[in-house]
Amino acid sequence: MLDRTTVFTLLVAPTLLHAQEVIQLYPSMDAAIGIHPGYASENTNYNDVDWFGAGSQPGNLGGENNFRALMAFDLSSFPAGTLIDDATLDLFGRGAVGLGDAASVGNIGDNAALLLQVIEPWSDNSVTWNTEPDISFMNGVVLPPSTQVIEDYIGIDVTNMVQAMIDDPTLDHGMEIRLITEDITRGLFFCGKDFPDPLKRPRLNIKPHEAVSIAEHGLSRLPLFPNPASGAGSIRISVPPNVSGGLIVVLVDPCGKLVEQTPVTAREGSIEMSVHPTPGIYTLFLRDSLGKSVGWERLVISGE
């Protein structure tokens with residue numbers, strides 16, 4: 001089994017140097033599940049396949065073979081409540097596959113499929129058709145029928161699904177793919193996490209909320225003193241000369257989760273406020289009375 005790979009893509013710009021814009025995750029586990037008349041495969045674990053897909057086709061011994069697949073991503077770097085602006089899934093075409101003694105015909109027929117949120121724990125070393133975990137249709141995504149025998153599906157919008165997983169980690173157990181109509185002969189197949197070419201493995205791209213905000217609005221930097229600061233001390237923030245009225249200081253952790261939000265009053269062009277978060281690196285935003293960000297800076301909280 002391969003280790004999970006996490007790739008951080010950095011947007012290098014004058015106002016966002018070293019700031020994380022897109023986090024790319026690869027599956028931490030995946031597995032296929034299937035039922036094949038005459039093979040008792042509904043109790044068989046298929047964790048040795050290198051594909052992610054769904055299909056329905058005639059069985060070798062008669063009846064109907066049905067396939068589904070599961071995969072999960074490690075979202076533990078996003079604490080519960082982290083806001084994201086965007087999450088997309090990239091799936092790369094696989095073509096015909098094998099599942100034990102049942103060879104799939106690959107992309108064929110009216111193969112529109114559903115990508116659904118898995119809301120119950122499962123293990124890639126033990127899951128079977130008969131122990132398939134519960135799923136939710138609430139944030140499901142429709143994958144349209146393929147137009148080619150081998151076809152990539154790039155940029156699938158799974159923002160709502162991933163946000164729901166982050167909001168409630170107890171319901172974060174990955175995704176399942178299944179055909180909308182599980183009748184023969186149909187199939188839609190992609191490369192899985194153990195596909196030999198690592199560039200063809202499923203990829204989840206997540207944009208944390210605040211990183212996108214900085215990039216889009218080109219905010220000015222805010223002078224802070226001291227920086228690093230003590231978690232039990234206070235800091236002074238310089239206020240841009242064109243800003244007036246009620247102000248809010250917002251602290252956000254590296255994953256975009258809101259840590260602290262404090263209304264403040266500017267005095268003589270600066271703000272002095274106490275800081276209480278645990279040691280770490282945060283993004284500080286200064287927002288006006290309408291909630292618009294007017295400046296930002298990285299704030300380091302020391303353990304002293």
To the nearest 0.5 Å, what is the distance between [atom1] ([X]) and [atom2] ([Y])?
X      : Y      : atom1 : atom2 : answer
Leu286 : Leu247 : CG    : CG    : 5.0 Å
Glu260 : His276 : CD    : NE2   : 6.0 Å
Thr262 : Met273 : OG1   : CE    : 4.0 Å
Leu70  : Ile33  : CG    : CD1   : 5.0 Å
Leu188 : Leu143 : CG    : CG    : 6.5 Å
Ile84  : Lys207 : CD1   : NZ    : 11.5 Å

Given 3.5 Å as the limit, does a donor-acceptor pair link the side chain of [X] with the main chain of [Y], or not?
X      : Y      : answer
Trp296 : Thr283 : no
Asp30  : Gly192 : no
Asn139 : Gln117 : no
Asp124 : Asn47  : no
Gln163 : Ala87  : no

Set out, in order, the CA-CA distance, both residues' side-chain angles and the distance that settles side-chain contact (heavy atoms from CB on, under 4.5 Å) for Val127 and Asn45, then state yes or no.
CA-CA 6 Å; Val127 67; Asn45 171 248; 4.0 Å; yes

Distance-minimising heavy-atom pair for [X] and [Y]:
X      : Y      : value
Pro37  : Asn65  : CD-OD1, 3.4 Å
Ser270 : Arg236 : OG-NH1, 2.7 Å
Asp85  : Thr159 : O-CG2, 4.1 Å
Ile177 : Gly53  : CG2-O, 3.5 Å
Pro226 : Ser234 : CD-O, 3.5 Å
Val49  : Tyr46  : CG2-O, 4.0 Å

For [X] and [Y], test the side chains for any donor-to-acceptor distance below 3.5 angstrom and give the result as yes or no.
X      : Y      : answer
Asp74  : Ser76  : yes
Asn130 : Thr128 : no
Ser56  : Asn66  : yes

Is it the case that more than 12 heavy atoms not belonging to Ile154 sit under 6.0 Å from its CD1 atom?
yes

Would you say [X] and [Y] are hydrophobically clustered, going by side-chain heavy atoms of ILVMFWY under 4.5 Å?
X      : Y      : answer
Tyr153 : Ile150 : no
Val264 : Ile301 : yes
Leu224 : Val249 : yes
Ile184 : Trp129 : no
Leu179 : Ile135 : no

Parallel, tilted or perpendicular, judged at 30° and 60°: which one describes the rings of His36 and Phe67?
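The rings of His36 and Phe67 sit tilted, inter-plane angle from 30° to 60°.
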
Kindly write out the residues that satisfy salt bridge (Lys or Arg N to Asp or Glu O under 4.0 Å) with [X], not counting sequence neighbours, or none if the list is empty.
X      : value
Asp110 : Arg186
Asp86  : none
Glu64  : none

side-chain contact (heavy atoms from CB on, under 4.5 Å) between Arg298 and Tyr282, worked out
CA-CA 6 Å; Arg298 299 292 179 209; Tyr282 299 84; over 6 Å; no

Test salt bridge (Lys or Arg N to Asp or Glu O under 4.0 Å) applied to Arg94 and Asp50, Asp194, Asp197, the passing residue:
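Exactly one candidate clears the test, Asp50.
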
Ring pair (Phe, Tyr, Trp, His ring centres under 6.0 Å) against Phe52, all qualifying residues, sequence neighbours excluded
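Per chain and number, Phe52 pairs via ring pair (Phe, Tyr, Trp, His ring centres under 6.0 Å) with no residue.
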
Residue list, ring pair (Phe, Tyr, Trp, His ring centres under 6.0 Å) with Phe92, at least two apart or on another chain
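Per chain and number, Phe92 pairs via ring pair (Phe, Tyr, Trp, His ring centres under 6.0 Å) with no residue.
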
Given the rule in the side-chain contact (heavy atoms from CB on, under 4.5 Å) test, do Leu89 and Leu115 qualify, once you have shown the distances and angles that lead to the verdict?
CA-CA 10 Å; Leu89 179 67; Leu115 199 62; 3.5 Å; yes

Checking side-chain contact (heavy atoms from CB on, under 4.5 Å) for the pair Arg201/Met71: CA distance, chi angles, key distance, verdict?
CA-CA 11 Å; Arg201 296 167 187 167; Met71 69 176 169; over 6 Å; no

Name all pairs fulfilling the salt bridge (Lys or Arg N to Asp or Glu O under 4.0 Å) condition that reach into residues 126-152, sequence neighbours left out, sorted by first residue then second.
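Non-adjacent pairs meeting salt bridge (Lys or Arg N to Asp or Glu O under 4.0 Å): Arg68-Glu132, Glu132-Arg178.
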
Side-chain contact test, heavy atoms from C-beta onward, threshold under 4.5 Å: evaluate it for Val294 versus Ser220 and give yes or no.
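SC-SC contact between Val294 and Ser220 ruled out.
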
Side chains of Leu114 and Phe137 in contact at under 4.5 Å (non-hydrogen atoms):
yes

Which residue is it: Val22, Thr88, Leu25, Val158? I am looking for the one with a side-chain contact (heavy atoms from CB on, under 4.5 Å) to Ile206.
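By the side-chain contact (heavy atoms from CB on, under 4.5 Å) criterion, Ile206 pairs with just one of Val22, Thr88, Leu25, Val158: Leu25.
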
